[in-house]
Amino acid sequence: NIIISLNDIHGLWGGRDISISGSGETFIEIVGPKRPEIGLYVKEYRLSLSESEIKNLIDLFIENDFLTIEEPVRKEVLPDETRPTIILENSKKEKHVVSMWYSDIEKNEKFARIYQSILLLEEKTKNLTPFFEGKFSFSCDELEREIKSWLEEIKYCENDSECVVESRYYCPFGCYQFYNKNTNLSLIDKKVEIFNNNYCHPCEYECITPPTLDELKCINKKCVDIRY
């Protein structure tokens, strides 16, 4: 399962972050424009792409030799210039990252074609209701609360067979995560990556042995460790 990401948010002007999983699940965060007494405003959307749309996007990366694209060397940076970053992650969690200063994008046709195609996905949000909207501000505390809320949501289950356990995100999100095996974790992965890349609340745990599948049960429609 691959993940395609576009990170294109400027702290002053806004922009968008877009994350697409190979299953079609897509997360779009649109920031801006500024509002009086609020500043930058964010709207977050979830939507699904079809198999053909995912295939067309992957083909675009192949046709434009994404793995060979290199960012040009810059002698100077323009004031307040944006620097979009495109990330391709494979099933082994191996990432290829390409960034491009905005004024250089038109000089690199391969990067430009991929960049513009991902941007077009933003059009799909026009008739959708955002699952979150409000003031945009990067706060480690707010992001931690958001991630922990999502980790609670994915514990939903109907029977024991749906529950799995994995040590995936570490401190401060628990030694182990219990979740429904049908959950696509790519969006949470993205949020945790942002959290870690900003060095939010670094910490360590001393973890005990994880529960066995026999000790992981669906109780009151929630996956729980019955040892506690």
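- Summarising the geometry of S117 relative to L60, their closest heavy-atom pair is OG-CD2, 3.0 Å, with the distance given to 0.1 Å.
- The existence of a salt bridge linking K93 and E89 is confirmed by a sub-4.0 Å separation between a basic side-chain nitrogen and an acidic carboxylate oxygen.
- Cluster annotation: I226 is not connected to L213 through the hydrophobic network of ILVMFWY side chains, with a link wherever side-chain heavy atoms come within less than 4.5 Å.
- R46 forms no cation-pi arrangement with F27, by the criterion of a distance under 6.0 Å to the ring centre and an angle within 45° of the ring axis.
- Residues I114 and F66 meet the side-chain proximity criterion, which asks for heavy atoms closer than 4.5 Å.
- Side-chain contact annotation: E162 with Y156, donor-acceptor N/O pair under 3.5 Å absent.
- Between the CD atom of E122 and the CG atom of D8 there is a distance of 9.0 Å, given to the nearest 0.5 Å.
- Two different hydrophobic clusters hold L120 and I118 under the rule that ILVMFWY side chains link at heavy-atom gaps under 4.5 Å.
- Residues I3 and V98 do not share a hydrophobic cluster, clusters being chains of Ile/Leu/Val/Met/Phe/Trp/Tyr side chains in contact below 4.5 Å.
- If you take CG on D59 and CD1 on I54, they are separated by 11.0 Å, rounding to the nearest 0.5 Å.
- A salt bridge does not link K217 with D225: none of the charged nitrogens is closer than 4.0 Å to a carboxylate oxygen.
- The distance from atom OH of Y115 to atom CG of N64, rounded to the nearest 0.5 Å, is 15.5 Å.
- Closest approach of C207 to Y176, counting heavy atoms only: CB-OH, 3.8 Å.
- For the pair K191 and E44, the salt-bridge criterion is met [side-chain N within less than 4.0 Å of a carboxylate O].
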Salt bridge (charged side-chain N to carboxylate O under 4.0 Å, His left out) between E152 and K222, worked out: CA-CA 9 Å; E152 284 299 313; K222 191 174 185 178; 2.8 Å; yes

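- Between L49 and E53, the shortest heavy-atom contact is CA-OE1, 3.3 Å.
- Side-chain contact between T26 and Y45 is absent, with no heavy atoms from C-beta onward closer than 4.5 Å.
- Across every non-hydrogen atom of P211 and F178, the tightest pair is CG-CE2, 3.7 Å.
- The distance from the CD1 atom of I2 to the CD1 atom of I58 is 3.5 Å, given to the nearest 0.5 Å.
- With rounding to the nearest 0.5 Å, the separation of CD in E29 from CD in E133 is 13.0 Å.
- Cluster membership for V42 and I188, using ILVMFWY side-chain heavy atoms within less than 4.5 angstrom, is shared.
- When the SG-SG distance for C171 and C203 is compared with the 2.5 Å cut-off, it comes out below that value.
- In this structure, E51 does not pair ionically with K55, as no charged nitrogen and carboxylate oxygen lie closer than 4.0 Å.
- Between the side chain of N159 and the backbone N or O of S161, at least one donor-acceptor pair lies under 3.5 Å.
- The backbone N or O of T212 lies less than 3.5 Å from a partner atom in the side chain of E215, making a donor-acceptor pair.
- At a cut-off of 3.5 Å, with distance as the only test, a side-chain donor of S103 or E81 sits close to an acceptor on the other residue.
- The closest donor-acceptor contact from the side chain of D104 to the backbone of M100 lies at 3.5 Å or more, if one exists at all.
- Closest non-hydrogen pair, Y102 versus P84, comes out as N-CD, 4.3 Å.
- At distances below 3.5 Å, at least one donor-acceptor pair connects side-chain atoms of S167 with backbone N or O atoms of C175.
- Exactly one of F173, W150, Y170 qualifies for a ring-ring contact (aromatic ring centres under 6.0 Å, His included) with F195. That residue is F173.
- In this structure, the separation between CD1 on I30 and OG1 on T125 is 3.5 Å, given to the nearest 0.5 Å.
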Stepwise salt bridge (charged side-chain N to carboxylate O under 4.0 Å, His left out) check, E71 with R83: CA-CA 10 Å; E71 181 180 8; R83 187 169 176 255; 2.8 Å; yes

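- For the cysteine pair C218 and C157, the distance separating the two SG atoms is below 2.5 Å.
- Shown are T85, I86, L88, N7; of these, the side-chain contact (heavy atoms from CB on, under 4.5 Å) with V97 is made only by T85.
- Under the 4.5 Å side-chain heavy-atom criterion for grouping Ile, Leu, Val, Met, Phe, Trp and Tyr, I20 is not connected to I9 through any hydrophobic cluster.
- Salt-bridge formation is not detected for the pair K92/E94: no Lys NZ or Arg NE/NH1/NH2 atom is positioned less than 4.0 Å from an Asp or Glu carboxylate oxygen.
- In this structure, the side chain of N108 engages the main chain of F111 through a donor-acceptor pair within 3.5 Å.
- Side-chain atoms of Y169 and Q177 include no donor-acceptor pair closer than 3.5 Å.
- Classification of D214 and R227 as a salt-bridged pair fails, no side-chain N sitting under 4.0 Å from a carboxylate O.
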